[in-house]
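All of these numbers come straight from a predicted model, not from anything done at the bench.
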Amino acid sequence: MVDVLLGLQWGDEGKGKIVDYFAPSYDVIARFQGGPNAGHTLYVKDKKIVLHQIPSGIFHDNTINLIGNGVVLDPVTLKRECETVASFGVDYAKNLYISERTNLILPTHRALDKASEVLKGNDKIGSTLKGIGPAYMDKTGRNALRVGDILDKNFTTQYIRLRLKHQKLLDSMQFHEDISAWEDEFFEGIEFMRQFKIINGEYFINERISEGKKVLAEGAQGSMLDVDFGTFPFVTSSNTISAGVCTGLGVPPQKIKEVIGVTKAYCTRVGSGPFPTELHDSVGEELRKTGNEFGATTGRPRRCGWIDLVALKFACMINGVTQLVMTKADVLDAFTELKVCEAYEIDGKARQQVPYQMTKLAINPVYASFKGWDTNITQLSSFDSVPEAMKDYISHINGYLGAEIKYISNGPGRDQIIPVL
Ligand code: GDP
Ligand code: IMO
Ligand code: MG
């Protein structure tokens, strides 16, 4: 069977840490979408590492890590990341497999990403500029180069042909950038990739499932950044929700069992786009400071606000969430009052549904207030010892969402997690 772990907000929910925690119970960890726009932070032997392309099970000796067909892969980032992982003593080539159908990110995709943002001016998405949108456009436009193609003797010719096409586009956008250094790195990355097991991912996964092995699909980004259901156009270019697992790995829907949704105890967003519960005051600043809310991929300050139950319930619905993990609960330790958004007031009416176009509407969040627990919870390991005020906060959220928080993360460390028994 396949379990799925994914983010329910606008990304950076702490997925990497939670996958690393669950990894010993799984035989395979697989990324099914996204690319190096992801930044998943793990603490290994108390040292921080941020993974962009490699699944977060790589530090576990007996776990195979698969980069699935739904991912867009930048060979430059992959090489760099493998070198970092090796400095932790990991034999990455042993446990890292790549699907031959995975689409490649070319240096010109990165240039096109930049050019597109420049053209958008004030309406820019706030992309990570890793070439994600243009790479997925080449996939759906049926032009892309895929990992399996690097084994073809005509790969360079195919590359030049696509690059030429991109160059024409860049010229028409009047965007000029010297990409020759990127190109050298790209081909070094391609050579580096030859050492990996480049496999047919869909047969691999389905054979493991038939053998009774356990697979965990690791989401990147978050449900509100999904290209169909997120705050379009301020989204990423892939399906980040559980349905993406089927197309991103070749897994039939009946094989999906648990859908583990990860949410912060509050809410953040990096990049542009609607964020109804965003706080522009000292409370927002306090969340950013205490939560150390700076992007793991770009270093940009994250926008912060209270937890948004309207958006969370929507995310639970479209994903079929069966259990929840709440991260960064410790960030709320010193707050005397907590708020949760339970409705959006639009044109004087309270609504509990996510509207079609958040961007163009004035949304007033309707809050319920809670007493803070005002206790340091970072050393707790059992739910019994959790403060009553926190139990109230959690049980209220469970009630609203109709799903249960099964784990509470109370610090960035590997062992800072409280099972809710
Ligand atoms: P991801 O993209 O969903 O994997 O999340 P990121 O790694 O981008 O961002 C999560 C940040 O919060 C990282 O810096 C983590 O080290 C940190 N983190 C994860 N869980 C917790 C937690 O429970 N408490 C605190 N204080 N930090 C956490
Ligand atoms: P993880 O996996 C948070 C955001 C960008 C931008 C929008 C589109 O670490 O949760 P893109 O580069 O995809 O064209 O950017 O999506 N974004 C993320 N925000 N966490 C991420 O990944 C993100 N990946 C993309 O900031 O607003
Ligand atoms: Mg992240």
Side-chain angles (χ1 to χ4, degrees), residues 2-7 11 15-16 19 26 28-40 51-58 64-75 77-78 81 96-106 109 113 128 130-150 193 196-209 215-230 235-256 259-260 318-320:
V2 178
D3 293 341
V4 184
L5 185 143
L6 43 72
K15 300 174 289 291
V19 170
Y26 290 92
V28 181
I29 310 282
R31 282 273 309 266
F32 60 94
Q33 47 69 232
N37 48 349
H40 296 183
L51 296 174
H52 302 286
Q53 293 272 193
I54 302 177
S56 301
I58 197 69
I64 290 173
N65 290 267
L66 172 68
I67 297 179
N69 60 278
V71 170
V72 284
L73 180 61
D74 179 351
T77 308
L78 180 70
E81 206 159 291
L96 182 61
Y97 295 16
I98 308 175
S99 164
E100 58 199 355
R101 295 185 195 270
T102 303
N103 287 248
L104 288 170
I105 300 179
L106 273 49
H109 285 139
D113 213 357
T128 59
K130 303 291 177 189
I132 307 297
Y136 276 116
M137 281 161 77
D138 268 340
K139 174 180 177 171
T140 50
R142 298 158 295 179
N143 294 314
L145 287 171
R146 307 194 289 182
V147 171
D149 298 333
I150 73 169
M193 271 170 49
F196 290 104
K197 296 175 191 80
I198 294 172
I199 59 160
N200 180 304
E202 55 278 21
Y203 278 109
F204 174 80
I205 284 279
N206 283 288
E207 281 162 10
R208 298 291 85 72
I209 295 172
V215 177
L216 180 66
E218 173 181 0
Q221 291 78 57
S223 304
M224 297 308 287
L225 288 172
D226 181 276
V227 66
D228 281 279
F229 299 103
V235 293
T236 190
S237 299
S238 62
N239 283 117
T240 59
I241 62 170
S242 54
V245 174
C246 298
T247 53
L249 292 174
V251 165
Q254 313 89 285
K255 300 293 179 194
I256 295 178
V259 179
I260 306 162
I318 57 180
N319 283 301

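When the side chain to side chain contact (heavy atoms under 4.5 Å, CB included) test is applied to Asp74, the partners found at least two apart in sequence or on another chain are Pro36, Gln53, Val76, Thr77, Ile105, Arg110. Applying the side-chain hydrogen bond (donor to acceptor under 3.5 Å, both in side chains) test to Ser237 and every residue at least two apart in sequence or in another chain returns nothing. Scanning for side chain to side chain contact (heavy atoms under 4.5 Å, CB included) contacts around Glu100 gives Ile198, Asn200, with sequence neighbours left out. For Lys15, the salt bridge (Lys or Arg N to Asp or Glu O under 4.0 Å) partners two or more places apart in sequence, or in a different chain, are Glu13. With sequence neighbours excluded, the residues that form a salt bridge (Lys or Arg N to Asp or Glu O under 4.0 Å) with Glu202 are Arg101. Applying the side-chain hydrogen bond (donor to acceptor under 3.5 Å, both in side chains) test to Asn319 and every residue at least two apart in sequence or in another chain returns Ser223. For Phe204, the ring-ring contact (aromatic ring centres under 6.0 Å, His included) criterion is met by Tyr97, not counting sequence neighbours. In this view, Asp228 and Asn239 satisfy the side-chain hydrogen bond (donor to acceptor under 3.5 Å, both in side chains) rule, not counting sequence neighbours. Shown here are the ring-ring contact (aromatic ring centres under 6.0 Å, His included) partners of His40, two or more places apart in sequence or in another chain: there are none. Residues satisfying the salt bridge (Lys or Arg N to Asp or Glu O under 4.0 Å) criterion with Arg146, sequence neighbours excluded, are absent altogether. Asp3 is linked by a side-chain hydrogen bond (donor to acceptor under 3.5 Å, both in side chains) to Tyr26, counting only residues two or more places apart in sequence or in another chain.
Distance check, rounded to the nearest 0.5 Å: CD1 of Ile64 to CD1 of Ile29 gives 11.0 Å. Note that CG of Asp113 is 6.5 Å distant from OG1 of Thr128, once rounded to the nearest 0.5 Å. Between atom CD1 of residue Ile241 and atom CD1 of residue Ile318 there is a gap of 4.5 Å, rounded to the nearest 0.5 Å. Between atom CD1 of residue Ile205 and atom CG of residue Leu66 there is a gap of 5.0 Å, rounded to the nearest 0.5 Å. Residue Ile209 holds its CD1 atom at 10.5 Å from CD of Gln254, rounded to the nearest 0.5 Å.
Here the closest non-hydrogen pair linking Ala38 and Ala220 is CB-CB, 3.9 Å. The two residues Asn37 and Thr236 come nearest to each other via the heavy atoms ND2-OG1, 3.2 Å. Closest approach of Leu249 to Gly68, counting heavy atoms only: CD2-CA, 3.8 Å. The minimum heavy-atom distance between Ala217 and Phe32, with the atom names listed, is CB-CD2, 3.8 Å. Contact detail for Val235 and Val227: the closest heavy-atom pair is CG2-CA, 4.0 Å. Heavy atoms only, all atoms of each residue included: Ser238 and Gly34 are closest at OG-N, 3.7 Å.
You'll find the side chain of Leu51 reaches within 4.5 Å of the side chain of Glu81, heavy atoms only. Side-chain contact check for Val147 versus Leu73: some heavy-atom pair is nearer than 4.5 Å. The shortest distance between side-chain heavy atoms of Val251 and Ile256 falls below 4.5 Å. In this structure, Val19 and Leu216 have side chains that are in contact, with non-hydrogen atoms separated by less than 4.5 Å. Here the side chains of Pro55 and Ile67 are in contact, with some heavy-atom distance below 4.5 Å. By the 4.5 Å heavy-atom criterion applied to side chains, Leu96 and Leu78 are counted as neighbours. Taking 4.5 Å as the limit, every side-chain heavy atom of Gln33 sits out of range of all side-chain heavy atoms of Val71. Counting heavy atoms from C-beta outward, Lys197 and Ile98 have side chains that stay 4.5 Å or more apart.
Side-chain atoms of Glu218 do not come within 3.5 Å of backbone N or O of Gly16 as any donor-acceptor pair. Looking at Asn103, its side chain never comes within 3.5 Å of a backbone N or O of Ala144 through a donor-acceptor pair.
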Yes or no on side chain to side chain donor-acceptor pair (under 3.5 Å) for Thr240 and Gln221, after CA distance, side-chain angles and deciding distance? CA-CA 7 Å; Thr240 59; Gln221 291 78 57; over 6 Å; no
